[in-house]
Amino acid sequence: MDKRSRLNGRWFLITALSFIISNLSFSGVAAQNFDNPDTIVVARDGTGQFRNVSEAVEVCRAFMEYHKVIFVKRGTYKEKIVIPQWLTNIEICGEDRDETIITWDDHANIMIPMADGKMQKMGTFRTYTLLVEGNSITLTNITIENNAAKLGQAVALRTTGDKLTFRNCRFLGNQDTVYTGMAGTRLYFKDCYIEGTTDFIFGPSTAWFEGCTIYCKADSYITAASTPQDQTFGYVFNRCKVTAAPDVTKVYLGRPWRDYGYTLFMNCELCKEIRPEGWHHWQKNREETARYMEYNNHGAGASTTGRVSWSRQLTRQEAESVTMQRVFNTNSTWLPQQ
């Protein structure tokens, strides 16, 4: 190698190192700039600090003690987002629930490459649009959508974090729209809209749904709880409204994905499309362990005359004991803001 080549090589190396150091420094400065309780603004049109929600999530400091808001302006954000387990006390707030949309389109039968080079189906649990692993996370006024074609299960929201709050949000999808994916975690849905076809609210978490609208898009099942045997509560729907698409005629309130599934509808309006028997055992004699209950529901689908014998109608005294404080404070004290 001649002298000129060596000089050119050295220049290239120095330039490359300078570029890397510069970018690392910039990233560090950027993170430091947002290491405070101020609101971060995201806007597709470039009027915010970031154009993508995932970029705003990336600059948040780990294990924050303060409440930090990521404000997302109107627009459609085509992103697959993870809020990692080391992030806490973040609120993602949309400017307008129906016009601030985070969307993706994975489904379970997409083929993806594995580490050994072979192709394998994605499977249900990787299809999420938004995965919330962190604790004490809030979503407000925003739509989370999986708009995949009906080619397999397609999750819009997947959660593994604890003390999660969703207010005035929309969750759009078909099969498996909302996956509450971790036993022992607590979730609160307030005034949300959730739609789907089959088992579109499913999983092992404890979740309270208050004043939500549940929209059934097909003749199928609303819930598929997999509540562990030692977990006192699973899904509680209170003052919710169950509705259905015009071509729907036969809907079950739920079927147990695993033994001991827990689901309670109380003070809810149930549409006429609800099957008279109300619940389905799925398979494997799960009616022997399923914890399926109702109390004080109304509407054309609320008649208890034809309900399956293994579901229960709570007494007034039993229903009064099902409070948010009791449901959420089994392990530690936490009550979401009303």
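Please read all numbers here as calculations on a predicted model, not as lab measurements.
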Nearest 0.5 Å please: distance from the CD1 atom of Ile81 over to the CG atom of Leu130. 6.0 Å
Would you say the side-chain atoms of Asn146 pair up with the backbone N or O of Asp106, donor to acceptor, closer than 3.5 Å? yes
Would you sort out whether Tyr179 and Tyr128 count as a ring pair (Phe, Tyr, Trp, His ring centres under 6.0 Å), showing the intermediate values? CA-CA 9 Å; Tyr179 175 39; Tyr128 59 83; over 10 Å; no
Using atom types as modelled and distance alone, determine if a side-chain donor or acceptor of Thr100 lies under 3.5 Å from a backbone N or O of Arg97. no
Closest non-hydrogen atom pair between Ile137 and Leu87, with its separation: CD1-O, 3.7 Å
Pair Arg170, Thr143: side-chain N/O donor-acceptor within cut-off below 3.5 Å: yes
Interatomic spacing from CG in Asn267 to CG in Asn297 - rounded to 0.5 Å: 7.0 Å
Just how far is it from atom CD of Gln229 to atom CZ of Arg258, taken to the nearest 0.5 Å? 15.0 Å
Looking at every non-hydrogen atom in both residues, tell me the closest pair between Gln175 and Thr198 and how far apart they are. CG-O, 3.4 Å
Qualifying residues under salt bridge (charged side-chain N to carboxylate O under 4.0 Å, His left out), relative to Glu195, sequence neighbours excluded: Lys217
Tell me whether Phe202 shares a hydrophobic cluster with Leu164, the cluster being built from Ile, Leu, Val, Met, Phe, Trp, Tyr side chains joined at under 4.5 Å. no
Using atom types as modelled and distance alone, determine if a side-chain donor or acceptor of Arg286 lies under 3.5 Å from a backbone N or O of Trp257. yes
Distance-only donor-acceptor check, side chains Gln153 and Thr127, under 3.5 Å: no
Can you measure from CD1 (Ile222) to CH2 (Trp279) and round to the nearest 0.5 angstrom? 8.5 Å
Taken to the nearest 0.5 Å, the spacing of Met182 CE from Arg158 CZ works out to 7.5 Å
Given side-chain contact (heavy atoms from CB on, under 4.5 Å), test Asp162 with Trp334 step by step and report yes or no. CA-CA 10 Å; Asp162 186 30; Trp334 174 70; 5.6 Å; no
Would you say the side-chain atoms of Asn109 pair up with the backbone N or O of Leu151, donor to acceptor, closer than 3.5 Å? yes
Using modelled atom types only, decide if a donor and an acceptor are shared between the side chain of Thr129 and the backbone of Thr103 within a distance under 3.5 Å. no
Side chain to side chain donor-acceptor pair (under 3.5 Å) between Glu294 and Ser311, intermediate numbers included: CA-CA 8 Å; Glu294 298 174 66; Ser311 68; 4.9 Å; no
Between the side chains of Glu79 and Ser54, is a donor N or O closer than 3.5 angstrom to an acceptor N or O? yes
Would you call the rings of Phe209 and Tyr235 parallel, tilted or perpendicular if under 30° counts as parallel and over 60° as perpendicular? perpendicular
Is a side-chain N or O of Thr227 found less than 3.5 angstrom from the main chain of Tyr262, in a donor-acceptor match? yes
Using modelled atom types only, decide if a donor and an acceptor are shared between the side chain of Arg74 and the backbone of Asp96 within a distance under 3.5 Å. no
Asn135 CG to Thr88 OG1 distance, which is reported to the nearest 0.5 Å: 7.5 Å
Under 3.5 Å, side chain of Thr323 to main-chain N/O of Arg326, donor-acceptor pair present? yes
I'd like to know if the side chain of Tyr292 and the backbone of Arg255 have a donor-acceptor N/O pair within less than 3.5 Å. yes
Determine whether Val322 and Trp208 satisfy the following criterion, side-chain contact (heavy atoms from CB on, under 4.5 Å), listing intermediate values before the conclusion. CA-CA 11 Å; Val322 182; Trp208 185 291; 4.3 Å; yes
Over all heavy atoms of both residues, which pair between Ala56 and Ile40 is shortest? Give the atoms and the distance, please. CB-CG2, 3.8 Å
Show, in sequence, the C-alpha distance, side-chain angles and deciding distance for Cys169 and Leu157, and conclude whether the side-chain contact (heavy atoms from CB on, under 4.5 Å) test is met. CA-CA 11 Å; Cys169 294; Leu157 172 70; over 6 Å; no
In terms of relative ring orientation, are Phe265 and Phe237 parallel, tilted or perpendicular, with 30° and 60° separating the classes? parallel
Nearest heavy atoms of Phe328 and Leu335, plus distance in Å: CD1-CD2, 4.5 Å
Please list all pairs meeting side-chain hydrogen bond (donor to acceptor under 3.5 Å, both in side chains) that have one or both residues in residues 40-51, counting only residues at least two apart or in different chains. Arg44-Asn52, Asp45-Thr47, Thr47-Lys73
Name the residue from Phe171, Tyr193, Tyr188 that meets the ring-ring contact (aromatic ring centres under 6.0 Å, His included) definition with Phe166. Phe171
Exam field: side chain Asn89 to backbone Met64, donor-acceptor pair closer than 3.5 Å: yes
Intermediate values then yes/no, side-chain contact (heavy atoms from CB on, under 4.5 Å), Cys60 and Lys68: CA-CA 8 Å; Cys60 293; Lys68 191 174 190 68; 4.0 Å; yes
Minimum heavy-atom distance His280-Tyr221, with the two atoms named: CB-CE2, 3.7 Å
Here the pair of heavy atoms bringing Arg307 nearest to Gln313 is CG-NE2, 4.3 Å
Those residues that, when tested against Lys190, pass salt bridge (charged side-chain N to carboxylate O under 4.0 Å, His left out) (two or more places apart): none
Please walk me through it: do Asn168 and Asn141 pass side chain to side chain donor-acceptor pair (under 3.5 Å)? CA-CA 5 Å; Asn168 193 37; Asn141 301 334; 2.8 Å; yes
